[in-house]
Amino acid sequence: MQEIGGEIGRVLISEEQIQGRVRELGAAITRDYEDRSPLFVGILRGAAIFHSDLIRHVDLRLKVDFISLSSYGDATRTSGQ
């Protein structure tokens, strides 16, 4: 596993486990939304990779969009809300 910005602590969930669960979710969505065309909305920066991985495992005609959010409002620092 490549380290980014220093040491990584103990890995709790392996990449293989995560990818397995993503495949399971994709199959469940395919089954639950059969005969429909769902819209997948991902939050930019936070969910883009998961969003992409998930829709690869959904065997349906679907629509994809992204939304960008911030808590900054008119300020230059986050409000924390």
Side-chain angles (χ1 to χ4, degrees):
M1 178 182 300
Q2 181 181 7
E3 294 182 12
I4 300 173
E7 291 187 29
I8 295 177
R10 185 170 58 113
V11 175
L12 300 177
I13 303 172
S14 73
E15 180 180 352
E16 293 79 18
Q17 289 173 302
I18 293 170
Q19 288 303 318
R21 185 62 179 131
V22 170
R23 280 190 299 276
E24 290 172 2
L25 288 169
I29 291 168
T30 299
R31 184 178 55 252
D32 293 347
Y33 286 85
E34 185 179 13
D35 300 324
R36 291 188 261 176
S37 181
L39 170 63
F40 284 73
V41 179
I43 298 173
L44 284 174
R45 296 198 173 123
I49 294 172
F50 170 75
H51 191 255
S52 298
D53 287 346
L54 178 60
I55 62 175
R56 284 187 191 101
H57 295 288
V58 176
D59 189 21
L60 297 169
R61 265 185 93 92
L62 53 87
K63 297 177 184 176
V64 176
D65 205 349
F66 287 92
I67 187 169
S68 179
L69 302 173
S70 74
S71 63
Y72 291 90
D74 292 334
T76 58
R77 293 187 185 180
T78 182
S79 67
Q81 298 180 358

Which residues satisfy the ring-ring contact (aromatic ring centres under 6.0 Å, His included) test with F66, sequence neighbours excluded? H51
Might you point out which heavy atoms bring D59 and T30 nearest each other, and give the distance in Å? N-OG1, 2.9 Å
Around I49, counting heavy atoms of other residues, nucleotides and ligands shown, do more than 12 lie under 6.0 Å from its CD1? no
Which pairs, with at least one residue in residues 22-37 and sequence neighbours excluded, count as a salt bridge (Lys or Arg N to Asp or Glu O under 4.0 Å)? R21-E24
Just jot down the side chain to side chain contact (heavy atoms under 4.5 Å, CB included) partners of S68, sequence neighbours excluded, or say none. L44
Hits for salt bridge (charged side-chain N to carboxylate O under 4.0 Å, His left out) against D53, two or more places apart or cross-chain, chain-then-number order -> R56
For I18, does the CD1 atom have more than 12 heavy-atom neighbours from other residues, nucleotides or ligands under 6.0 Å away? yes
In terms of hydrophobic clustering (I, L, V, M, F, W, Y; side-chain heavy atoms under 4.5 Å; direct or indirect links), are V22 and V41 co-clustered? no
I29 reachable from F50 in the ILVMFWY side-chain graph, under 4.5 Å edges: yes
Within this structure, what is the CD1-CZ distance for the pair I55 and F40, rounded to the nearest 0.5 Å? 7.5 Å
So if you build clusters from Ile, Leu, Val, Met, Phe, Trp, Tyr with side-chain heavy-atom gaps below 4.5 Å, do Y33 and L25 land together? yes
Pairing residues for L12 by the side chain to side chain contact (heavy atoms under 4.5 Å, CB included) criterion, not counting sequence neighbours: R10
